[in-house]
Colleague: 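Here it is: the structure, laid out below.
Indexing begins at 1, ligand by ligand and atom by atom, following the structure's order.
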Amino acid sequence: MPRNAILCGDALELLPRLPDRCVELTVFSPPYDGIRDYGKNWNLDYKTLGAELFRVTAEGGVCAVVIGDGTKDFAKSLTTFRWAVEWVDRAGWRLFECCIYSRHGNPGAWWTQRFRVDHEYILIFFRGHRPRHFDKSTLMVPSKHAGKVYSGTDRLTNGGFKKIEPKAVNDMKCRGTLWEYATSNTEGNRTKLEHPATYPDKLADDLIQCFSKPGDLVLDPMCGSGTTCVMAAKSKRDYLGIEINPDYHHISMLRMRTEVDDDASLF
Ligand SMILES: C[S@@+](CC[C@H](N)C(=O)[O-])C[C@H]1O[C@@H](n2cnc3c(N)ncnc32)[C@H](O)[C@@H]1O
């Protein structure tokens, strides 16, 4: 099985070549609702993809999908929700969480008819009883009330109140389900920007740190500019990327060489 490689080809043709249960973590973003032009209108069978990714995932392994919904005639496509229900009801996945990826960055288009969309979803699926690795200590965010002393009351389940002892608020706190990032346009990586729809390096890294350990195999079946593979390699995870478009495959290989100093091999 290829390991520490980025393959050029169709994920739906190459994934069946992988053995069962060989992947600990998958992080990827599919093309959805024709929102971006990736050089060709690639046909994506998300049902087969969900089943195939489930087959190659180890017990307790995790698959994080960064996805959103297009809008047509004022109505949302519900693509995200279709994927979630299909993958859970039929492919065998369980949904650990649906986080919101909140994007900061350039103001973007001028929206007059509807709300400006500044979020996507991060669907986090897992296989089996529970995720085999979960370390949210790597995902701390600054506390808004750091340095203050918290005192007051906690609400009880019966509606009553309980007085709590005054305590100092920590500088950092655990992240919740809202994950905020500047867009990758602000990262200043010109090679990466040659791909039209990348996610931030930090987003991939946060998922890798939280749900995998060094030596695990991290897969991105639609790796675009190679963000997941680059971040996995930097953290001593093994990686496997697949990209159908030869131009984007070239970008990912270039990034791997210049950012990780590792020669991704061609399959
Ligand atoms: C949203 S982009 C991924 C970007 C990536 N996360 C990054 O940060 O660079 C989706 C990618 O999926 C690729 N793709 C579409 N269908 C594919 C398929 N069947 N197999 C492999 N790659 C595919 C597209 O060419 C595109 O580069």
Colleague: Main chain of Leu240, side chain of Arg3: is a donor-acceptor contact present, judged purely on distance under 3.5 Å?
Modeller: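 No, the answer is negative, given that no donor and acceptor are paired below the 3.5 Å cut-off.
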Colleague: Given that the side chain starts at C-beta and the backbone is N, CA, C, O, which of these parts of Ser252 lies under 4.0 Å from ligand 1, counting heavy atoms, or is it both or neither?
Modeller: neither
Colleague: Taking the non-hydrogen atoms of Gly9, is any one of them nearer than 4.0 angstrom to ligand 1?
Modeller: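 Within the 4.0 Å threshold, so yes.
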Colleague: What is the distance from atom NE2 of His250 to atom OG1 of Thr191, rounded to the nearest 0.5 Å?
Modeller: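 Answer for the NE2-OG1 pair, His250 versus Thr191, is 9.0 Å.
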Colleague: Between Phe54 and Arg127, is there a cation-pi geometry (under 6.0 Å to ring centre, at most 45° from the normal)?
Modeller: yes
Colleague: Under 4.0 Å from ligand 1, counting heavy atoms only, is it the side chain of Met222, its backbone, both or neither?
Modeller: both
Colleague: Is Asp206 salt-bridged to Lys136, going by a charged N under 4.0 Å from an acidic O?
Modeller: no
Colleague: Which ligand 1 atoms does Asp10 reach within 4.0 Å, using its non-hydrogen atoms?
Modeller: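 Within the 4.0 Å cut-off of Asp10, ligand 1 contributes 18 (C), 19 (N), 20 (N).
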Colleague: For ligand 1, is there an N or O atom under 3.5 Å from any N or O atom of Asp220?
Modeller: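 Checking ligand 1 against Asp220, no N or O pair falls under 3.5 Å apart.
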Colleague: Under the ring pair (Phe, Tyr, Trp, His ring centres under 6.0 Å) rule, what pairs show up with a residue in residues 156-180, not counting sequence neighbours?
Modeller: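 Ring pair (Phe, Tyr, Trp, His ring centres under 6.0 Å) check on residues 156-180 returns no pairs.
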Colleague: Would you mind listing which atoms of ligand 1 come within a distance below 4.0 Å of any non-hydrogen atom of Ser29?
Modeller: 1 (C), 2 (S), 3 (C), 10 (C)
Colleague: Does at least one non-hydrogen atom of Pro221 fall below 4.0 angstrom from an atom of ligand 1?
Modeller: yes
Colleague: In ligand 1, which numbered atoms sit nearer than 4.0 Å to a non-hydrogen atom of Ala197?
Modeller: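 Near Ala197, meaning under 4.0 Å from one of its heavy atoms, ligand 1 has 1 (C), 2 (S), 3 (C), 4 (C).
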Colleague: Provide the closest heavy-atom pair for Leu15 versus Pro221 in the form atom of the first, atom of the second, distance.
Modeller: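 Heavy atoms of Leu15 and Pro221 come nearest at CD1-CB, 4.4 Å.
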